[in-house]
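Just so you know, these numbers come straight off a predicted model, no measurement behind them.
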Amino acid sequence: MTKVALITGITGQDGSFLAELLLEKGYQVHGLVRRSSTFGTERIDHLYQDPHTSPNLLLHYGDLTDGQALTNLVLEIQPDEIYNLGAQSHVRVSFDQPVYTLQTVGVGALNVLEAARLLNKTKPVRVYQASSSEMYGDVMQTPQSETTPFNPQSPYACAKVFAFHQTVNYRRGYDLFASNGILFNHESERRGETFVTRKITRAATRIKLGLQDTLYLGNIDAKRDWGYARDYVEGMWRMLQHDEPDDFVLATGETQTVRAFLDLVFGQLDLDWNDYVKIDPRYFRPAEVELLLGDASKAKEKLGWEATTDLRQLAKIMVDHDLDLAQREKHNKAYAQQA
């Protein structure tokens, strides 16, 4: 019997990789997308163009903040699994839009859980909640595991802590199969261009081809545990195949500074980032998170999951993609000038 999954945030980085994975496994995949005057489906367009996957991919307009409409959708499509990946996911932006961030990240997760609770009365459903390493904030121990206390340092992180505890509460209070995936930084060629890793690879490749002169960054000494998003969605899926609902850290177990990532990216292009990078105070957070390092031993033991892509490999994947993008951009620019 075909399994049915609902993914909120399906047009994002994680949502697109997860949709690919589930479609490969024979799922029927439903995705929740926000209505906009412009299309934002670039990351999943290739799935629609593939005759093998397109019949099993269905999109629905909706918003995580609209609890009634979300419940109606869940009761209509009767999913076996719900993956809540939708959110205002930019930490720095959360300081500028704290209320909106809480509504989408915190209340949005609660709306998903409540919809699942109602469905669970008549049909078993499993819920994955996208938690974040940002919840650890000003870390109280290193490395961080499932038992490390949270100490959030941003509106985004505070909202994620709320969503985490609500997920645990629904698991305990309503016997709902609901699991938190505490994912450390995971990047890819599909990462949004305002996030630091993609901002770096996009700028470096444009600089290489003479399309850009300078890259402005904030705290380049911040340390993060960076993995590849394609690896991490496999972990999400495995959490919902596990015998019991639980909370799991997904991480590489290695930490590197933004400065080190600059070295890797510009080095692949035979450039010295010191010649092009300038520090802009506007990109510093009001409250900084200096060090994140995850301990994913529980996920390895219970789920058989571990990260398979190191930071050097990740940087190459992203640079190769963005160099091709920059080459096309340069070609189009030259063509427009000739026209």
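The shortest distance between side-chain heavy atoms of K3 and Q28 does not fall below 4.5 Å.
Heavy atoms of other residues, nucleotides or ligands lying less than 6.0 angstrom from CG of D275 number more than 12. Counting non-hydrogen atoms of neighbouring residues, nucleotides and ligands closer than 6.0 angstrom, the NZ atom of K25 exceeds 12 such neighbours. Other residues, nucleotides and ligands place no more than 12 heavy atoms under 6.0 Å from the CZ atom of R34. Around CD of E244, the count of heavy atoms belonging to other residues, nucleotides or ligands within 6.0 Å does not exceed 12. Around atom CG of D320, more than 12 heavy atoms belonging to other residues, nucleotides or ligands sit under 6.0 Å away.
No close placement of the F248 and W305 rings is indicated, their centers lying 6.0 Å or farther apart. Residues F195 and H90 bring their aromatic ring centres within 6.0 Å. For Y136 and F150, the gap between ring centers is short of 6.0 Å.
Residue Y128 is tested with L85, N180, T167, V112 for a side chain to side chain contact (heavy atoms under 4.5 Å, CB included); the sole match is L85. Each of D63, T104, L64 was evaluated against T8; a single residue qualifies, L64, per the side chain to side chain contact (heavy atoms under 4.5 Å, CB included) test.
Side chain of S94 to backbone of Y156: a donor-acceptor contact under 3.5 angstrom is found. For the pair D322 (side chain) and T205 (backbone), a donor-acceptor distance under 3.5 Å is absent. When atom types are taken as modelled, the side chain of K298 and the backbone of D247 share a donor-acceptor pair closer than 3.5 angstrom. At least one donor-acceptor pair under 3.5 Å links the side chain of R198 to the backbone N or O of R191. Using modelled atom types, no side-chain atom of S132 and backbone atom of M135 make a donor-acceptor pair closer than 3.5 Å. For N332 (side chain) and R328 (main-chain N/O), a donor-acceptor pair under 3.5 Å exists by modelled atom type.
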Before you tell me yes or no, could you show the steps for M318 and T197 under side-chain contact (heavy atoms from CB on, under 4.5 Å), namely the whole-Å CA-CA distance, both residues' side-chain angles and the distance that decides it to 0.1 Å? CA-CA 9 Å; M318 296 176 68; T197 52; 3.9 Å; yes
L59/T41 under side-chain contact (heavy atoms from CB on, under 4.5 Å): CA gap, chis, key distance, verdict: CA-CA 10 Å; L59 299 184; T41 59; 4.3 Å; yes
Working note: N72 + Q68, criterion side chain to side chain donor-acceptor pair (under 3.5 Å); need CA distance, chi angles, decisive distance, verdict. CA-CA 6 Å; N72 292 343; Q68 185 60 61; 3.0 Å; yes
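Interatomic distance, L269 CG to T201 OG1, rounded to the nearest 0.5 Å: 9.5 Å. The CG atom of L102 lies 12.0 Å from the NZ atom of K160; values are rounded to the nearest 0.5 Å. To the nearest 0.5 angstrom, Q144 atom CD is 4.5 Å from F184 atom CZ.
Other members of the cluster containing L291 do not exist, because no ILVMFWY side chain is joined to it at under 4.5 Å.
Under the ring-ring contact (aromatic ring centres under 6.0 Å, His included) criterion, H331 pairs with no residue, sequence neighbours left out.
Here the closest heavy-atom approach between residue E81 and residue V125 is recorded as N-CG2, 4.4 Å. In terms of heavy atoms, L264 sits closest to A315 at CB-CB, 4.1 Å.
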Show which side-chain atoms of residues 11-21 pair as donor or acceptor with protein atoms under 3.5 Å away, not counting sequence neighbours.
unit_1, atom_1, unit_2, atom_2, d
Q13, OE1, S188, N, 3.2
Q13, OE1, S188, OG, 2.8
Q13, NE2, H186, O, 3.1
D14, OD1, H186, NE2, 3.3
D14, OD2, H186, NE2, 2.6
S16, OG, G12, O, 3.2
S16, OG, Q13, O, 2.9
S16, OG, R190, NH1, 3.0
E20, OE1, R230, NH1, 3.2
E20, OE2, H46, NE2, 2.5
E20, OE2, R190, NH1, 3.4
E20, OE2, R190, NH2, 2.6

